2 protein chains.
Amino acid sequence: MTRPHPDRPATIYDVAVAAGVSHQTVSRVLRGVGSIRPETRERVQAELARLKYRPNVGARELARARQRRIGVVGYETFESSTSKVLRGVDEVAERAGYTLDIVNVDPTGDVAEISAALESLNGTDVAGVLATSPTRNVREALEHVEFRMPVFFDVAGDQVAAHDDEPARSIAAGLVMSHLADLGHERVAFIAGPEHWDSATNREAVYRERMLALGREPMVIGRGDWSAASGYRAAQAFDPAEGATALFVANDRMALGALRALAERGIRVPEDVSVAGVDDIPEAAYFSPPLTTVHIDFTEGGHIAARSLISLIETPDASLPEYPASVLIARDSTARLG
Amino acid sequence: MTRPHPDRPATIYDVAVAAGVSHQTVSRVLRGVGSIRPETRERVQAELARLKYRPNVGARELARARQRRIGVVGYETFESSTSKVLRGVDEVAERAGYTLDIVNVDPTGDVAEISAALESLNGTDVAGVLATSPTRNVREALEHVEFRMPVFFDVAGDQVAAHDDEPARSIAAGLVMSHLADLGHERVAFIAGPEHWDSATNREAVYRERMLALGREPMVIGRGDWSAASGYRAAQAFDPAEGATALFVANDRMALGALRALAERGIRVPEDVSVAGVDDIPEAAYFSPPLTTVHIDFTEGGHIAARSLISLIETPDASLPEYPASVLIARDSTARLG
DNA sequence: GCCCACGGCGTTACCGGTAACCCAGCGCGC
DNA sequence: GCGCGCTGGGTTACCGGTAACGCCGTGGGC
């Protein structure tokens, strides 16, 4: 379905001539400032509507010397959790009058390539940049590019706790490990996320730490790329003979693949092994069996990131935001040991 | 991670003064037009780099009297298939020098509300509008708003065949029904998508038609909202006593919910009933059992939609695009009858 | 030796807005 | 009757680019 090409839009000058006033009066009506006789105002508004006036945002930006776009460095923006972050960013940005300029990059790709993408964003004079891909490569690329505008690096909804001299750590992974420990699981195997990702390394670090705290050797049986297919492949390495009673998978989609791999090999969940993920994607409740996971509010994470960036843009005092609390969602894929 | 607020950017006038030339010479170097002495060009380029010049896109748009943004009316852009469409649109648009301005609306919401969202897009002087939400409400809202620019209404990757006096029809649904018929299934139950959606009604129409062609009464047992949860609920109404040997679900996510509901009730798939979906989301291969579905290339659909819109913008001759072929992916959830 | 074309720039106008400043007329106090 | 401030608006400059045009010097054709 299409519509024909229409002719050139009316400007405030056209409207001014039609209403018999100066263009400045039209501008005043548009902005609602200054004092204007009601009669004049109505005449202008009538012409505005009749001529179907639409403001030229470029001209407005130019005259106001103020940008209204935020560059977003996204990645696989079609993936559920990350695009929920984007949605949250969009909601806040729109309310604040900003428009998003989304650049898709492969966050695990070549640093030079990411830098080029960032540079192109930089060359397009946006008001600020929001990076939603917490990978090492993106962080490095950000170091390379000299931005003239504020940059905010989001943690992509994955809540982390960072104390003064401790590194950032995944709360979600801690919740999963505590849940498993509560159920009596101490021999927990782990399928990690892609190594360039901050959230993957954060979760893995917490897993290892908790295992050591239990006096157990960490059992990282594989590493995926967040996809169900990679979880399926990684779970092939799960060997019941090694004694693990639970399997912690770094995200829900990989957990789906892992569940499938275990089912094919006749390993029952949760009777033979408990399985838990992270993210709480909407589908997780309908896996077979329904997956125990940690709910992360990605949209709210996006809100927070956007608010932080906008406050950086408008008032250059940076205060680090508080992320919402993640909560563990226990479902049938985990059960008490024994 | 953040960076401080930097000072105001350099303009071509700053660069011109620094290089000892006129601003027009700088503009020429920037655009690569006109004849310039290599020595002068180098001097300008050096200053460009030294002052970290970034073009002001607003000013450029203004001077060129040409818009560079495309408004996209999206919906649940965080959902897998739809955001793949967006990604495809983005890829093409970026290559053509356009930037996306994405507006999220609830495509099943109030027509007035959608109209308002469209109007705000319209008021922002974009080069064209691409609607990626094929719902009746969005179509109605598009009728209300008088656009000054080309509008393209995408079919969101779902391929349809439209003959002259026939309505558009879902090819994907036809593929599923043929596959089931090949396996001997004639008594096929159906879980439909939300009624406002074109793709839902297209798929349902094809389902009904095929059933009647087989001399069977259509068995629409429920209607969902595309989510796994709604598929789970709808599948509660599946009664094996009614004789259906297969269940066709209008998309994969609802099919996941349906699989779960069937499993909970002890109905085996595919032994007791075959199940098929549409979309081929990446997770479908890891459902229990892996889901027979129809692969739709959403990203390519986005490419095509964007190309169509851009050609409408640049040369107002509208030619309807060819969508890529969908293909059936047979997996374990469907089996020969008997 | 003259004219003209062309390379290599500079000048100026303009895109569509906003903002600072200016100005006429009126009502008012004194 | 005069100065004052306020209302209601017009004039003009400017934002940072692009485009049309003009100008100067040089070199080649005749």
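In this text, all values refer to a predicted model and were calculated from it rather than measured experimentally. Chain letters run A, B, ... following the sequence lines, proteins first, then strands; residues in each count from 1.
The CD1-P distance, from B/I12 to C/dG10, rounds to 12 Å in whole Å. In this entry the distance linking CZ of A/R54 with C1' of C/dG16 reads 16 Å, nearest Å. D/dA19 atom P lies 12 Å from atom CG of B/L30, rounded to whole Å. Rounded to a whole Å, the CZ atom of A/R28 is 11 Å from the P atom of D/dT11. One interatomic measurement links the two molecules: CD of B/E61 to P of D/dG17, which rounds to 13 Å at whole-angstrom precision. Counting to the nearest Å, the C1' atom of D/dC15 and the OH atom of B/Y13 are 9 Å from each other. With rounding to whole Å, A/Q24 atom CD is found 10 Å from C/dG17 atom C1'. Rounded to an integer number of Å, the gap from CD1 of B/I36 to P of C/dC6 is 19 Å.
Nearest-nucleotide mapping onto DNA chain D: of B/R31 and B/A59, the residue sitting toward the 5' end is B/A59. Mapping B/G20 and A/R64 onto DNA chain C by nearest heavy atom places B/G20 closer to the 5' end of the strand. With DNA chain C read from its 5' end, the first of the two nearest nucleotides for B/R37 and B/L62 is the one closest to B/R37.
Here B/T11 lies in heavy-atom contact (under 4.0 Å) with sugar-phosphate atoms only. Within the 4.0 angstrom heavy-atom criterion, only backbone atoms of the sugar-phosphate kind lie near B/T25; the bases stay farther away.
Atom CD in A/E300 sits 6.0 Å away from atom NE2 in A/H303 (nearest 0.5 Å). Rounding to the nearest 0.5 Å places CD of B/E91 at 11.0 Å from CG of B/L86.
The phosphate of C/dG17 (OP1 or OP2) has no side-chain N or O of A/S27 nearer than 4.0 angstrom. Side-chain nitrogen and oxygen atoms of B/T40 include at least one within less than 4.0 Å of the OP1 or OP2 phosphate oxygen of C/dC9. The shortest distance between the side-chain N/O atoms of B/R60 and the OP1/OP2 oxygens of C/dC15 is not below 4.0 Å. The shortest distance between the side-chain N/O atoms of B/Y53 and the OP1/OP2 oxygens of D/dG17 is below 4.0 Å. Regarding contacts with the backbone of D/dG9, every side-chain N or O of A/S22 stays at 4.0 angstrom or more from both OP1 and OP2.
B/S115 contributes no side-chain N or O that, together with a main-chain N or O of B/H144, makes up a donor-acceptor pair within less than 3.5 Å.
With hydrogens and angles left out, the side chain of A/H23 and the base of C/dT18 share a donor-acceptor pair within 3.5 Å.
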Requested in this report: Begin with the C-alpha distance, continue with both residues' side-chain angles, and end with the deciding distance and a verdict on side-chain contact (heavy atoms from CB on, under 4.5 Å) for A/V105 and A/V73.
Outcome: CA-CA 7 Å; A/V105 297; A/V73 183; 3.7 Å; yes

Requested in this report: Check step by step if side-chain contact (heavy atoms from CB on, under 4.5 Å) holds for B/L100 and A/I102.
Outcome: CA-CA 8 Å; B/L100 261 37; A/I102 299 167; over 6 Å; no

